[in-house]
Structures are given as structure tokens and as C-alpha cells.
Protein chains: 2
Amino acid sequence: MPPRSDARQRMLDSGAVLFRERGVTATAFADVLAHSGAPRGSVYHHFPGGKEQFAEEVVAYAGRAMSRRFSRAAEGDDDLHAILDDAVDHWMAIVRDSDFRAGCPVAAGAVEGGAEEGLRAAAGEAFGHWTDRLERLLAGRGVPADRARGVATLVLASLQGAILLARSRRTVEPIEAVRAELHAALDAATRPSDGAGA
Amino acid sequence: MPPRSDARQRMLDSGAVLFRERGVTATAFADVLAHSGAPRGSVYHHFPGGKEQFAEEVVAYAGRAMSRRFSRAAEGDDDLHAILDDAVDHWMAIVRDSDFRAGCPVAAGAVEGGAEEGLRAAAGEAFGHWTDRLERLLAGRGVPADRARGVATLVLASLQGAILLARSRRTVEPIEAVRAELHAALDAATRPSDGAGA
DNA sequence: GTCTATACGAAGATAGAC
DNA sequence: GTCTATCTTCGTATAGAC
């Protein structure tokens with residue numbers, strides 16, 4: 001296993017940062033090299049498939065990083081509300097600390113991958129994994145099995161949407177609003193006999 | 001007021017279609033001309049500000065079109081659940097009829113506008129208007145005034161997120177899941193004394 | 001593994017004729 | 001208002017040296 005400070009890895013990290021801010025298409029290799037400090041010659045050495053391969057790997061890599069967060073949360077003993085707050089804080093920090101320039105690199109892949117099959121697939125797999133992990137996490141903490149997937153999807157979708165709204169409107173209000181509504185939804189979903197979901 | 005079949009208008013329509021499918025940056029004027037059939041000479045005649053102006057106008061135009069849908073819904077006498085289903089069906093059709101290639105052009109502007117202030121602002125204004133209209137619509141139909149904005153934001157955000165998930169995963173499952181959860185959330189929000197939202 | 005140089009094409013933008 | 005031609009910039013990708 002090569003060290004993390006490898007040029008290849010630095011390029012993936014930089015790619016994620018740049019995809020967050022300007023999207024996939026508008027990110028050139030020159031930008032990635034400047035941001036990562038990676039040597040020019042390593043572009044096609046590490047990514048013989050060119051930009052397409054690079055974009056897919058960045059999205060997949062960002063997807064795995066977030067999946068690990070879900071896994072860690074599932075292994076801990078925090079309750080659903082604490083876990084939700086942790087996730088919301090995570091995204092909030094990304095959006096606010098970048099002065100509303102940064103969003104989710106996987107979302108960028110989803111938006112710009114309409115014509116590029118590989119990119120679209122990479123985003124889809126990342127989102128799929130997140131949904132699966134969240135579903136299990138919810139099911140393990142009191143959400144009825146037949147509602148866990150729906151709630152997981154609501155949580156993921158509304159957070160992704162809130163990031164879009166927050167970035168473009170330059171306010172964290174949407175993220176805070178969604179946080180409050182999701183807390184309510186989790187309450188409702190874990191309440192013994194609840195008629196919701198129909 | 002010039003007729004809608006004007007070349008300028010056709011370019012905006014085509015721009016919206018193309019932004020949905022491949023995003024803003026990957027859409028070239030050549031694509032817009034080919035799709036709209038507009039004369040080559042009209043690009044810088046109608047959009048002296050070039051690509052930047054064009055992108056902003058497309059996003060603003062798509063935003064207005066959706067705003068009108070909200071207005072029409074508010075004027076009708078459908079209940080909240082019918083209105084929600086109508087909106088969900090609208091987006092579902094766009095995603096499915098394009099074989100999962102198309103999403104929301106305003107979302108594309110939000111994702112790719114991290115570095116371009118004008119584009120970001122256009123997306124933000126569109127989302128802001130949608131939120132405002134939806135908030136009023138909800139407040140007018142039984143959602144308590146102090147919860148209407150939060151619920152409006154949840155609806156908008158989760159639908160936008162569901163579109164991202166559906167496109168990239170090539171399944172309408174996320175849209176259906178969010179639909180069901182939002183029906184439940186609307187039920188909870190319109191129930192006389194409900195503790196949610198805290 | 002990394003470098004420089006360069007080929008090649010795409011796309012935005014401008015100029016000037018009609 | 002629309003056309004063609006062209007300029008320029010940029011970005012991907014390749015070739016070949018070190």
C-alpha cells in the first residue's frame with residue numbers, strides 16, 4: 001500500500017476540492033496540478049484513461065470517504081439525533097468555511113454525468129452505498145425495517161438539496177431548516193405506531 | 001413583446017434542455033444552435049455578454065417557468081397532497097422520459113456556479129422564489145405560519161436531492177420514496193397540535 | 001516516474017460583409 | 001439581423017528525452 005502523500009492521492013484530494021467548487025467539466029488538469037503540487041508528468045502516468053478516468057476516481061474516492069463516516073457513526077453508540085447533527089455539522093462546515101463556494105463532489109458528478117456514463121455510474125454507486133449504510137443505521141436504531149429505506153432516502157436527498165439551496169442563496173438557512181425537519185421526521189419514524197409513509 | 005418563436009427564446013429553451021442533461025460548462029453555443037436551429041449570427045447579437053450572460057438567462061428563465069407552476073397551483077383548489085403529487089409527477093416525467101439523463105437546470109447552475117458569481121446568483125434567486133411561493137402556498141393551506149418555511153424548504157430540498165439520486169442511480173425509487181415521506185411530513189405539519197420542527 | 005514540447009481539437013469571442 | 005471567417009485561448013492528449 002503506497003503512502004498517502006503519493007502524487008496520485010494528492011491529485012484525487014485536490015480533484016475533490018475543485019469539483020466541489022466549480023464542478024467537473026470546469027476543472028482542468030492544470031488546476032489539479034497547481035492545487036496539488038503534483039508533477040506534470042504524473043497525469044497520464046497515474047491516469048492513463050485521462051480526464052474521464054480521473055473524474056470517475058475522484059467521485060468514487062469522495063464517495064468512499066463519506067461511506068466511512070457512516071460506518072464509524074454506525075459503530076458508535078450515539079443516538080439518531082446525535083448522528084444527524086454530526087452529519088449536518090459536517091456539511092454545514094464545508095459550505096460555510098468555503099464561503100458558500102463548495103458543495104458535494106458526488107452531486108457534481110451526478111449533475112454533469114448525464115452524458116458521460118462512467119461519471120454518472122460513479123456518482124450513482126456512491127449515492128447507492130450511502131443510502132444502504134444509512135438504511136442499516138436507521139434500522140438498527142429503532143426505525144421500522146419497512147420504513148428505514150424511505151427515511152434514509154429522505155435524509156440523504158434533503159441534505160443534498162439543502163446544500164444546493166444554501167450555496168446558491170449564500171445562507172445556511174436551508175441546512176438549518178432541513179436539520180429541524182429531519183429531527184421531527186426521525187421522531188415520527190421511531191414513534192411506536194406511526195401511520196406515516198403511506 | 002416579441003413572439004415566443006423568436007430565435008432568442010428558442011435558444012433559451014434549448015439551453016434549459018441541454019443544461020439539464022450535461023450541465024452548463026459542457027454545453028457549447030454550437031450545441032445550442034444545433035438544438036434550437038437558431039441562426040449562428042444571433043448568438044452575440046442576442047447575448048452580447050456571451051456565455052456568461054446566456055447561462056444566467058437560461059437559469060433565470062427556467063426558474064420563472066417553475067415559479068409560474070407554483071402560482072398556478074396556489075390559485076387552484078387542490079389540497080396539499082394533490083399539489084405535491086403534481087409536482088412529483090412533473091419531475092418524475094422529466095427524469096424518466098429522458099432515460100435519466102435530465103435533471104434540473106437551476107441545480108446545474110448551483111453546482112457549477114461556485115466560481116461564477118452571476119450564475120450562482122441566478123440559481124439562488126430562482127431557488128429563493130420557489131421557496132417563497134411554496135411557503136405561502138403551505139401557509140394558505142393549513143401549515144402553521146411558523147413551520148411553513150421549514151416545510152417548504154424540506155419539500156424543495158428533498159425533491160432536488162431525489163432528482164440527483166434518481167438520475168445517477170437510474171431508478172425512480174428515490175423520487176417515490178421522497179414522495180411518500182413528504183406526504184407523511186405534510187400530514188404531520190397540518191395536524192392540529194404537533195410538536196415537530198423543534 | 002517525471003520532464004518538456006507539441007500536436008490537436010474545441011470553444012468563446014470579434015470583425016467585417018451582406 | 002444574420003452570415004462567414006478568423007483570432008485566440010485553453011485543455012486534452014501524445015511523443016520522446018532524461
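Below, chain A is the first sequence line, B the second, and so on; all start at residue 1. Note that the coordinates shown come from a computational prediction; the quantities given were computed from them, not determined experimentally.
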(request) Taking the six-membered ring for Trp and the single ring otherwise, decide whether the centroids of A:Phe47 and A:Phe29 are under 6.0 Å apart. (result) no

(request) Just grab all the salt bridge (Lys or Arg N to Asp or Glu O under 4.0 Å) pairs involving residues 64-73 of chain B, residues at least two apart or on different chains. (result) B:Arg69-B:Asp86

(request) For DNA chain D, find the residues of residues 43-61 of chain B with a heavy-atom distance under 4.0 Å and give them by number; none if there aren't any. (result) B:His45, B:His46

(message) Please classify the nucleic acid contact of A:Thr25 as base, sugar-phosphate, or nothing, using heavy-atom distances under 4.0 Å.
(response) nothing

(request) Provide, to the nearest angstrom, the distance between the CG atom belonging to B:Asp6 and the C1' atom belonging to D:dT2. (result) 13 Å

(request) Before accepting this row, confirm whether a basic side-chain N of the pair A:Asp85/A:Arg179 lies closer than 4.0 Å to the acidic partner's carboxylate O. (result) yes

(request) Decide, yes or no, whether a salt bridge links B:Glu173 with B:Arg169 under the criterion of side-chain N to carboxylate O below 4.0 Å. (result) yes

(message) Nearest whole Å is fine: how far is D:dG1 P from B:Met11 CE?
(response) 14 Å

(message) Quick test of your reading of the model: are B:Arg120 and B:Glu125 salt-bridged, counting only N-O distances below 4.0 Å?
(response) no

(message) Within the 3.5 Å criterion, strictly below it, is a donor on B:Asp6 or B:His46 matched to an acceptor on the partner's side chain?
(response) no

(message) If I take atom CG in residue A:Leu33 and atom P in nucleotide D:dC10, what distance separates them, rounded to the nearest angstrom?
(response) 16 Å

What protein N or O atoms touch nucleotides 7-10 of chain C N or O atoms at under 3.5 angstrom, if any, and at what distances?
none

(message) If only side-chain N and O atoms count, and only distance matters, is there a donor-acceptor pair under 3.5 Å linking B:Arg149 with B:Thr131?
(response) no

(request) Identify which nucleotide among D:dA13, C:dC3, C:dG12 has an atom closest to any side-chain atom of B:Phe29, counting heavy atoms from C-beta outward. (result) C:dG12

(message) I'd like to know whether CZ of B:Arg170 has more than 12 heavy-atom contacts from other residues, nucleotides or ligands below 6.0 angstrom.
(response) yes

